[in-house]
Amino acid sequence: MTITITAFDRSPDGGRGLARDTRVRWALEEVGQPYAVRRVTFDALKQPAHLALNPFGQIPTYEDGDLVLFETGAIILHIAERHAGLLPAAADARARAITWMFAAVNTVEPPVIELEIARLFESDKPWASERLPLVEARVRDRLGQLSRRLGGDDWLDGPFSAGDLMMVSVLLRLRSSGLLDEFPSLAAYVVRGEARPAYARAFADQHALNTRP
Ligand code: GTB
């Protein structure tokens with residue numbers, strides 16, 4: 001049975017890899033699982049056929065036979081649990097890697113999204129110049145905490161894991177803000193993630209889709 005994921009018919013980022021299908025592609029590439037991509041327009045996202053897959057009308061979704069999943073955290077955990085390569089075998093190390101997955105989506109990504117919203121959608125508001133520094137400060141707090149934990153290590157807890165895949169994916173969303181460069185060890189961590197052949201393949205595939213004529 002072929003795994004099928006959904007992605008934007010055309011991502012608004014023009015192929016910069018910021019839409020969340022990229023992290024699922026990356027996980028599938030890491031574990032060597034082939035997959036198909038079904039493109040979904042913004043209109044189709046909110047139609048019954050897609051809402052049956054994801055009640056929130058979003059991409060990405062994941063289908064494998066009768067199994068339908070949404071939420072990238074759940075999708076990547078599922079992939080990592082079923083295929084070798086993204087989670088350590090030892091129970092405690094595995095639990096810690098999963099902890100980092102949750103930390104990425106629950107603790108680091110929320111202020112990152114707040115910053116995107118402040119920059120992209122609120123910059124014309126009369127209170128924007130007061131709010132933006134507050135949001136940036138919350139992102140800096142998280143980056144400082146994360147960089148202190150990473151220290152001089154390559155990855156968050158031993159070998160590369162699904163926790164790193166998720167954390168790097170979240171941090172990539174910050175690159176255009178310049179904030180990541182204030183934390184050189186995190187900037188280097190992200191570059192290490194991007195240098196993985198599986199990431200390069202995932203990025204190239206979504207880029208080809210989003211830059212096609
Ligand atoms: N919590 C969910 C998950 O992790 O799967 C969030 C899924 C989600 O936010 N999906 C977005 C979506 O479908 C695409 S990734 N949005 C359409 C909608 O809600 O109607 C977020 C995203 C979108 C676009 C860019 N970009 O163009 O730069 C970056 C990130």
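When a ligand or atom number is given, it counts from 1 through the structure's own listing order.
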When you check the side-chain N and O atoms of D43 and T41, is any donor under 3.5 Å from an acceptor? no

N-O pairing of R140 and E182 below 4.0 Å: yes

Looking only at side chains, do R148 and Q145 share a donor and an acceptor under 3.5 Å apart? no

Specify the protein heavy atom at minimum distance from atom 29 (C) of ligand 1: its residue, its atom name, and the distance to 0.1 Å. L18 O, 3.6 Å

Taking a cutoff of less than 4.0 Å between a non-hydrogen atom of the residue and any ligand atom, is F8 in contact with ligand 1? yes

Protein heavy-atom partner closest to atom 26 (N) of ligand 1 - residue, atom, separation in Å: D13 CB, 3.6 Å

Suppose I only count heavy atoms of R173 and a 4.0 Å limit; which atoms of ligand 1 are within that range? 30 (C)

By number and element, which atoms of ligand 1 are closer than 4.0 Å to a non-hydrogen atom of P12? 27 (O)

In the protein, which heavy atom is nearest to atom 7 (C) of ligand 1, and how far is it? Q58 OE1, 3.3 Å

If you have a sec, work out which protein heavy atom is nearest atom 21 (C) of ligand 1 and how many Å separate them, to one decimal? R20 NH1, 3.4 Å

Are I75 and L53 co-members of a hydrophobic cluster defined by side-chain heavy atoms under 4.5 Å apart? no

Taking distance alone, with no angle check, do E71 and ligand 1 share an N/O pair under 3.5 Å? yes

Would F42 count as a polar contact of ligand 1, with the cut-off being nitrogen or oxygen pairs under 3.5 Å? no

Given the rule in the salt bridge (Lys or Arg N to Asp or Glu O under 4.0 Å) test, do R119 and E136 qualify, once you have shown the distances and angles that lead to the verdict? CA-CA 10 Å; R119 289 179 169 232; E136 287 178 340; 2.8 Å; yes

Does a salt bridge link E109 with R173, judged by any charged N lying under 4.0 Å from a carboxylate O? yes

Could you list the atoms of ligand 1 found under 4.0 angstrom from a heavy atom of K46? 18 (C), 19 (O), 20 (O)

Atom 22 (C) of ligand 1: closest protein heavy atom, distance to 0.1 Å, is A19 CA, 4.2 Å

Shortest protein heavy-atom distance from atom 4 (O) of ligand 1, along with the residue and atom involved: T72 OG1, 2.7 Å

Backbone, side chain, both or neither: what part of F56 comes under 4.0 angstrom of ligand 1, heavy atoms only? neither

L172/E194 under side-chain contact (heavy atoms from CB on, under 4.5 Å): CA gap, chis, key distance, verdict: CA-CA 9 Å; L172 272 166; E194 290 175 297; 3.4 Å; yes

What protein heavy atom is closest to atom 11 (C) of ligand 1, reported as residue, atom name and distance in Å? I59 O, 3.7 Å

Can you get from V68 to I5 by hopping between Ile, Leu, Val, Met, Phe, Trp and Tyr side chains that sit under 4.5 Å apart? no

Please determine whether a side-chain nitrogen of the Lys or Arg among D21 and R38 lies less than 4.0 Å from a carboxylate oxygen of the Asp or Glu. no

